[in-house]
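A short write-up of the structure that comes next.
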Amino acid sequence: MHDRFATHDVTNQVPPLSDVNLYASDIALTEAVAREGGAGSARALNAFGLTAGSSEAQELAREANATLPRLETHDRYGRRLDVVTYHPSYHELMRISCAEGLNNSVWAHLGPGGGAERPAAHVVRSAGLYLAAQLEPGHCCPLTMANAAVPVLMQEESLARDWLPLILSRSYDPRFAPAADKSAVMIGMGMTEKQGGSDVRANTTAAVPGSEGLYHLTGHKWFLSAPMSDAFLVLAQAKAGLSCFLVPRFLPDGRVNGLHFQRLKDKLGNRSNASSEVEFHEAGGWLVGEEGRGVPAIVDMLTYCRLDCAVSSAGLMRAALAYALHHAEHRLVAGRTLVSEPLMQQVLADLALDVEAASALSFRLARAFDRVRDPRAAAWRRLMTPVTKYWVCKIAPALVAEAMESLGGNGYVEDWPLARIYREVPVNAIWEGSGNVMALDVLRVLQREPDVAEMVTDELRGACSGDADLSAAFQRLEAVLYEPRLLDARARQLVEMLAVLAAAAILRAQAPAAIADAFIATRIAGPARQTYGQGLDKADLKAILARSTPNQA
């Protein structure tokens with residue numbers, strides 16, 4: 001029946017991008033996974049790509065972000081609770097991703113039955129995380145920390161014996177109960193305090209030995225991520241100095257441990273996932289490693305988290321590009337699709353180049369985690385983890401902003417997913433080490449581990465040979481490397497040069513010529529620029545866009 005109050009017909013609005021296989025429709029991703037050794041998991045990733053791209057999953061993501069976590073500090077009788085509650089959709093997202101093994105699959109060989117390590121375990125898990133970030137990025141935080149906690153707990157045989165079987169479970173058990181009564185557990189992390197931030201050696205939380213192997217911790221953490229977790233890896237000052245502890249929610253005798261949550265952070269993004277402030281009131285915790293060696297004990301956790309920051313940022317960039325392309329392919333302007341307009345083609349193709357480069361660099365890093373017994377792979381992991389994390393996480397916000405602009409006003413409102421993605425992308429550049437922290441880590445490698453730096457630069461030199469632009473860029477990189485007096489001031493410049501050159505070398509060797517030529521022409525050989533959509537007048541725009549569209553035939 002005609003609505004007599006209607007003033008117009010709704011036309012020229014873009015249909016939703018849903019029920020898309022996020023894996024099969026992403027050529028750059030499928031090629032990167034195959035190239036880095038994960039081709040044997042294509043069927044499983046295809047299945048997860050269908051789940052992650054389904055309209056049902058999109059609705060779960062919307063609901064999990066519309067109803068935020070809530071802290072209940074006390075029950076109605078005034079007793080401490082310190083429980084964080086979530087919308088059921090958040091728990092369903094966690095169940096989906098835990099069943100996929102995103103919290104533990106790289107460590108499956110440590111579980112019942114043992115067996116050999118899977119050759120491409122990190123590459124395959126990274127592909128799953130790349131898809132899960134596009135589905136809903138907030139729930140990826142606890143998945144990342146649970147996965148990254150395993151090598152830390154492996155330092156203590158008794159802790160590994162008790163906790164690893166529960167971490168390695170692919171079930172998800174959100175109940176607030178002692179770990180021994182649960183089918184699975186999650187592990188969080190707390191390092192920073194009010195007075196120190198990333199300077200964790202300024203921490204003041206004190207740990208004193210107690211009975212039955214427990215220490216008692218008194219102090220606070222300014223950020224305690226995923227407070228619903230079953231235990232937390234935290235840093236505190238023991239007699240011998242800063243030390244690492246595993247602090248459970250429940251003590252061995254079943255009593256609730258002395259973790260008092262003060263409030264949940266009101267964050268810009270990552271809103272489906274809670275972050276909290278906590279005070280420790282003689283909270284019990286087990287020492288991990290040696291007293292006074294807390295940073296070396298927990299450093300592996302940070303390394304694995306940094307890989308995930310890069311991978312998930314690349315996934316969010318891909319999602320933003322997909323929404324922008326889908327919009328441009330369906331929106332009409334003066335009777336023509338937006339994607340057929342030359343200026344829009346240049347912008348979208350330019351975005352696609354950075355998405356392809358970020359994905360290639362992130363999965364090349366994941367491969368290094370899989371082959372760490374190879375000295376060259378270990379060197380790549382050591383130097384290129386902070387490099388990759390720095391660059392991919394830094395370029396993501398500008399890319400998502402440009403993609404949002406492609407949708408106009410629709411992209412800026414919460415009805416469309418791009419607003420949520422835009423609020424999300426800054427966090428990966430901040431968590432687990434900001435840009436300056438990453439740059440300083442790279443300087444430490446150059447100054448203290450010259451053999452590591454030499455192996456990576458040797459590999460880059462070989463990859464750049466035969467291409468005049470890449471060889472010239474490598475010479476510019478060497479000029480910075482061999483000016484030690486200027487390295488401190490040029491640390492960010494150096495890190496960016498390393499990232500862009502490594503990405504360009506991977507694309508030259510592996511990507512279609514249309515992609516590699518355009519990336520090198522604009523990021524290596526072209527003039528300086530600050531916005532997208534420049535310098536691609538000679539590029540094969542149609543080939544770049546056809547490769548990147550989410551609407552693959």
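- A distance-only check finds a donor-acceptor pair linking the side chain of E291 to the backbone of A240 [under 3.5 Å].
- Of the possible donor and acceptor atoms, one in the side chain of R306 sits under 3.5 Å from a partner among the backbone N and O of E432.
- You'll find the side chain of R490 stays beyond 4.5 Å of the side chain of M497, heavy atoms only.
- Ion pairing between a basic and an acidic side chain is recognised when a charged N comes within 4.0 Å of a carboxylate O; E459 and R376 show no such pairing.
- Taking the six-membered ring for Trp and thresholds of 30 and 60 degrees, H139 and Y90 have ring planes more than 60 degrees apart, a perpendicular arrangement.
- Within the 4.5 Å cutoff, no side-chain heavy atoms of M438 are placed close to those of C393.
- You'll find the side chain of C244 reaches within 4.5 Å of the side chain of L233, heavy atoms only.
- E282 CD: 12 or fewer foreign heavy atoms inside a 6.0 Å radius.
- The backbone N or O of A64 sits nowhere less than 3.5 Å from a side-chain atom of T67 that would complete a donor-acceptor pair.
- Here CD of E136 is found 10.5 Å from CD1 of I421. Values are rounded to the nearest 0.5 Å.
- A donor-acceptor pair under 3.5 Å is absent between the side-chain atoms of Q134 and the main chain of L22, judged by distance alone.
- In this structure, D370 does not pair ionically with R125, as no charged nitrogen and carboxylate oxygen lie closer than 4.0 Å.
- Taken to the nearest 0.5 Å, the CG atom of L60 stands 11.0 Å off from the OG1 atom of T51.
- Counting non-hydrogen atoms of other residues, nucleotides and ligands closer than 6.0 Å to NZ of K239 gives a total of 12 or fewer.
- Residues M94 and M186 have side chains in contact (heavy-atom distance under 4.5 Å, counting atoms from C-beta outward).
- For the pair V124 and R118, the tightest heavy-atom approach, listed with the atom from each and the gap, is CG1-NH1, 4.4 Å.
- No donor-acceptor pair closer than 3.5 Å links the side chain of S276 to the backbone N or O of V278.
- What you find for N257 and A283 is that their closest heavy atoms are OD1-CA, 3.3 Å.
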Does the pair D441 and R382 meet the rule for a salt bridge (Lys or Arg N to Asp or Glu O under 4.0 Å), with working shown? CA-CA 10 Å; D441 193 16; R382 176 66 188 96; 3.1 Å; yes

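- Rounding to the nearest 0.5 angstrom, the gap separating the CG atom in L494 from the CG atom in L498 is 5.0 Å.
- The shortest distance between side-chain heavy atoms of R170 and S105 falls below 4.5 Å.
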Go through the steps to decide whether R79 and H74 satisfy the test side chain to side chain contact (heavy atoms under 4.5 Å, CB included), and finish with yes or no. CA-CA 5 Å; R79 291 186 288 256; H74 295 77; over 6 Å; no

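- Shown here is R175, whose CZ atom has more than 12 heavy atoms of other residues, nucleotides or ligands within 6.0 Å.
- Sorted by first and then second residue, the salt bridge (charged side-chain N to carboxylate O under 4.0 Å, His left out) pairs with a member in residues 147-165 form an empty list; sequence neighbours excluded.
- Counting only heavy atoms from C-beta outward, the side chains of E117 and V106 never approach each other to under 4.5 Å.
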May I have the step-by-step check of side chain to side chain contact (heavy atoms under 4.5 Å, CB included) for K267 and N273, ending in yes or no? CA-CA 10 Å; K267 295 174 292 184; N273 170 56; 3.9 Å; yes

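- Two residues are said to be in side-chain contact when any heavy atoms from C-beta on lie closer than 4.5 Å; C98 and L143 meet this criterion.
- Remark: E277 engages K265 in a salt bridge, criterion side-chain N to carboxylate O under 4.0 Å.
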Verdict with supporting geometry, D82 and L259, side chain to side chain contact (heavy atoms under 4.5 Å, CB included): CA-CA 8 Å; D82 297 296; L259 286 78; over 6 Å; no

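- Looking at heavy atoms from C-beta onward, L251 lies in side-chain contact with L214 at the 4.5 angstrom threshold.
- A side-chain donor-acceptor contact under 3.5 Å links Q195 to the backbone of A202.
- Partner D308 forms a side chain to side chain donor-acceptor pair (under 3.5 Å) with one of N428, N147, T144 and no other, that one being T144.
- Taken from CG in D75 to CG in L81, the straight-line distance is 5.0 Å, to the nearest 0.5 Å.
- Of the charged side-chain nitrogens involved, at least one lies within less than 4.0 Å of a carboxylate oxygen, so that D300 and R381 count as a salt-bridged pair.
- Sorted by first and then second residue, the pairs that involve residues 97-124 and meet ring-ring contact (aromatic ring centres under 6.0 Å, His included), not counting sequence neighbours, are W107-Y304, H122-Y304, H122-F369.
- Put simply, the side chain of S312 gets close to the backbone of C309: a donor and an acceptor are under 3.5 Å apart.
- To the nearest 0.5 Å, atom CZ of residue R271 and atom CG of residue L268 are 8.0 Å apart.
- Note: I298 CD1 to L235 CG = 4.5 Å, rounded to the nearest 0.5 Å.
- Closest of all the heavy-atom pairs between F48 and A132 is CE2-N, 4.1 Å.
- For the pair S243 (side chain) and G292 (backbone), a donor-acceptor distance under 3.5 Å is present.
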List the steps and the verdict of side chain to side chain contact (heavy atoms under 4.5 Å, CB included) for M145 and S225. CA-CA 9 Å; M145 289 191 295; S225 295; 3.7 Å; yes

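- Residues A502 and L460 approach most closely at CA-CD2, 3.7 Å, considering heavy atoms.
- Counting only distance, with no hydrogens or angles, the side chain of D173 and the backbone of S183 share a donor-acceptor pair below 3.5 Å.
- S126 and A366 make their closest contact through OG-CB, 3.7 Å (heavy atoms, listed as atom of the first residue, atom of the second, distance).
- The ring of Y412 has its center no closer than 6.0 angstrom to the ring center of Y422.
- Listed for the K389 side chain is a donor-acceptor partner under 3.5 Å among the backbone atoms of G433.
- Sorted by first and then second residue, the ring-ring contact (aromatic ring centres under 6.0 Å, His included) pairs involving residues 209-231 (not counting sequence neighbours) are Y215-F245.
- When all heavy atoms are compared, the tightest approach of A236 to L217 is CB-CD2, 4.0 Å.
- Side-chain contact of H91 with Y86: a donor-acceptor pair under 3.5 Å is absent, judged by distance alone.
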